[in-house]
Amino acid sequence: MTQAQNPAPAVLSQDDLKTLVGQAALKYVVPGEIVGVGTGSTVNKFIDALASMKDQIKGAVSSSVASTERLQALGITVFDCNDVAELSVYIDGADEVDPKGYLIKGGGAALTREKIVAAQSRQFVCIADESKLVKTLGKFPLPVEVIPMAINRVTRQFEAMGGTVVVRLKDGAPLVTDNGQYILDVTGLHIVDPLGFESQVNQWPGVVTVGVFAFQKAQVCLIGAAGGVKTLTF
Ligand code: 5RP
């Protein structure tokens with residue numbers, strides 16, 4: 001991992017840090033191309049910044065209905081993922097970032113589409129504030145998108161690993177993802193082997209996507225910190 005640092009004002013709110021990294025990500029957007037766009041409050045800052053160069057890009061492939069709506073409201077064309085062979089860059093946030101660029105994602109319930117767009121991109125540039133940096137993945141409740149009929153079975157499998165599982169709710173009912181599935185949030189895990197863990201959970205019937213991004217890890221992470229934007233490369 002290598003690091004570089006740019007100066008910035010000393011007192012910055014978390015929202016300011018998100019704005020900083022959202023703007024810093026613009027330099028990874030290739031003029032004339034289509035950019036992959038993630039989901040979340042940090043990505044919203046990136047989308048807002050991207051509006052300033054909307055006439056220089058062809059458009060975006062989006063990882064959620066929410067991001068699609070925000071992009072379109074700003075006049076940015078959104079392409080269907082199936083109509084685009086490869087993207088040069090994918091910009092997205094994360095819930096946790098480890099020292100190798102392995103991530104936990106899915107706090108915004110968009111993990112499946114995020115993993116698809118990340119897999120379709122040559123470079124994943126993660127944008128986050130420094131609170132997301134961890135030594136080992138697992139403190140943030142791990143989101144797992146699951147087909148509803150497999151909820152209890154998958155819950156038992158995580159419990160056998162020592163995890164505690166809750167079905168994510170919205171307005172008192174299970175949250176339904178953009179793909180029509182449920183989200184399990186799993187606490188109590190200590191993910192020391194992200195590649196092995198992702199491979200294992202991917203095998204469980206009913207799991208659509210596990211929120212460990214090890215095979216689709218970040219190559220670059222722009223971290224908003226009190227001292228400015230740090231660039232981590234993995
Ligand atoms: C959505 C995600 C987000 O990227 C992640 O939850 C971080 O969100 P935020 O930028 O709001 O902290 O994975 O599914």
Side-chain angles (χ1 to χ4, degrees), residues 12-25 28 35-50 60-71 81 89-98 101-121 124-134 137-146 166-170 174-187 191 194 198 201 207-225 229 232:
L12 294 169
S13 68
Q14 196 181 30
D15 197 62
D16 291 334
L17 297 179
K18 291 179 182 185
T19 302
L20 268 185
V21 292
Q23 290 170 344
Y28 292 87
V35 57
V37 176
T39 299
S41 57
T42 314
V43 165
N44 283 344
K45 303 293 190 181
F46 168 68
I47 293 173
D48 294 347
L50 189 63
V61 167
S62 163
S63 63
S64 64
V65 172
S67 288
T68 296
E69 287 173 353
R70 196 175 187 98
L71 287 158
C81 198
V89 67
Y90 177 59
I91 312 284
D92 198 359
D95 301 301
E96 286 188 344
V97 181
D98 90 353
Y102 298 139
L103 310 172
I104 283 184
K105 291 188 45 54
L111 62 162
T112 295
R113 295 186 187 197
E114 290 171 342
K115 207 174 262 192
I116 292 168
V117 185
Q120 200 140 332
S121 306
F124 182 167
V125 176
C126 179
I127 51 177
D129 64 80
E130 63 185 345
S131 69
K132 308 291 181 69
L133 293 175
V134 297
L137 300 178
K139 193 169 177 203
F140 187 89
L142 175 70
V144 186
E145 186 164 1
V146 177
V166 294
V167 177
R168 193 180 300 181
L169 302 179
K170 186 181 178 189
L175 177 147
V176 178
T177 68
D178 288 352
N179 311 306
Q181 313 302 338
Y182 289 0
I183 298 284
L184 296 181
D185 288 308
V186 188
T187 49
I191 304 168
E198 186 179 5
V201 177
V207 169
V208 178
T209 301
V210 57
V212 169
F213 281 50
F215 291 96
Q216 269 73 48
K217 64 175 236 172
Q219 281 76 47
V220 175
C221 197
L222 305 179
I223 295 290
V229 176
L232 310 180

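For ligands, and for the atoms within them, numbers begin at 1 and follow the listed sequence.
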> For ligand 1, which atoms sit closer than 4.0 Å to a heavy atom of G93?
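The atoms of ligand 1 under 4.0 Å from a heavy atom of G93 are 4 (O).
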
> Give the residue and atom name of whichever protein heavy atom lies nearest to atom 3 (C) of ligand 1, and the separation in Å to one decimal.
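Result for atom 3 (C) of ligand 1: T39 O, 3.2 Å.
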
> Looking only at protein heavy atoms, identify the closest one to atom 1 (C) of ligand 1 and say how far it is in Å.
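Protein heavy atom with the smallest distance to atom 1 (C) of ligand 1: E114 OE2, 3.0 Å.
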
> From I116 CD1 over to Y90 OH, what is the distance, rounded to the nearest 0.5 angstrom?
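Rounded to the nearest 0.5 Å, the CD1-OH separation comes out at 10.0 Å.
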
> For atom 11 (O) of ligand 1, which protein heavy atom lies nearest, and how many Å away is it?
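Answer, as residue, atom name and distance: S41 OG, 2.5 Å.
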
> Checking a contact table here: which protein heavy atom is nearest atom 12 (O) of ligand 1, and how many Å away?
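Ranking protein heavy atoms by distance from atom 12 (O) of ligand 1, first comes K132 NZ, 2.8 Å.
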
> Mind checking whether I91 and I127 have side chains closer than 4.5 Å, heavy atoms only?
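Yes, close enough: below the 4.5 Å cut-off.
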
> Return the option from N44, I183, D95, V21 holding the heavy atom at the smallest distance from atom 7 (C) of ligand 1.
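Comparing heavy atoms across N44, I183, D95, V21, the nearest one to atom 7 (C) of ligand 1 lies in D95.
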
> Assess the side chains of T19 and D16: does a donor N or O sit below 3.5 Å from an acceptor N or O?
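No, no side-chain donor-acceptor pair sits under 3.5 Å.
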
> Measure the spacing between CZ of F46 and OG of S41 and express it to the nearest 0.5 Å.
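Between atom CZ of F46 and atom OG of S41 there are 14.5 Å.
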
> Would you mind listing which atoms of ligand 1 come within a distance below 4.0 Å of any non-hydrogen atom of A109?
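Those of ligand 1 that fall under 4.0 Å from A109 are 14 (O).
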
> To the closest 0.5 Å, what do you measure between CG (L71) and CG (L50)?
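So the CG of L71 and the CG of L50 are separated by 7.0 Å.
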
> Just by distance, no angles: are the side chains of D15 and S13 close enough, under 3.5 Å, to form a donor-acceptor pair?
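Absent: no donor and acceptor within the cut-off.
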
> Is the contact between P143 and ligand 1 made by the side chain, the backbone, both, or neither, using heavy atoms and a 4.0 Å cut-off?
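The answer is neither; P143 stays 4.0 Å or more away.
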
> List ligand 1 atoms under 4.0 Å from G40, heavy atoms only on the residue side.
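Selected atoms, number and element: 11 (O).
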
> Distance under 4.0 Å to a non-hydrogen atom of K105: what atoms of ligand 1 satisfy this?
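Result: 2 (C), 3 (C), 4 (O), 13 (O).
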
> Would you call P174 and R168 a side-chain contact if the rule is heavy atoms closer than 4.5 Å?
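Answer no - side chains too far apart.
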
> Compute both the distance and the angle, then confirm whether K115 meets the cation-pi test with F213: under 6.0 Å from the six-membered ring centre, within 45 degrees of the axis.
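Output yes; distance and angle both within limits.
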
> Give yes or no for whether the N/O distance cutoff of 3.5 Å, strictly under, is met between G106 and ligand 1.
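So ligand 1 has an N or O lying under 3.5 Å from an N or O of G106.
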
> In the protein, which heavy atom is nearest to atom 10 (O) of ligand 1, and how far is it?
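Closest protein heavy atom to atom 10 (O) of ligand 1: T42 OG1, 2.6 Å.
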
> Consider only side-chain N and O atoms of S62 and S67, and report whether a donor and an acceptor are under 3.5 Å apart.
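Absent: no donor and acceptor within the cut-off.
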
> Are A94 and ligand 1 in contact, using a heavy-atom cut-off of under 4.0 Å?
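A94: in contact with ligand 1 (<4.0 Å).
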
> Which ligand 1 atoms are under 4.0 Å away from a heavy-atom of D92?
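Counting atoms of ligand 1 from 1, those under 4.0 Å from D92 are 4 (O).
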
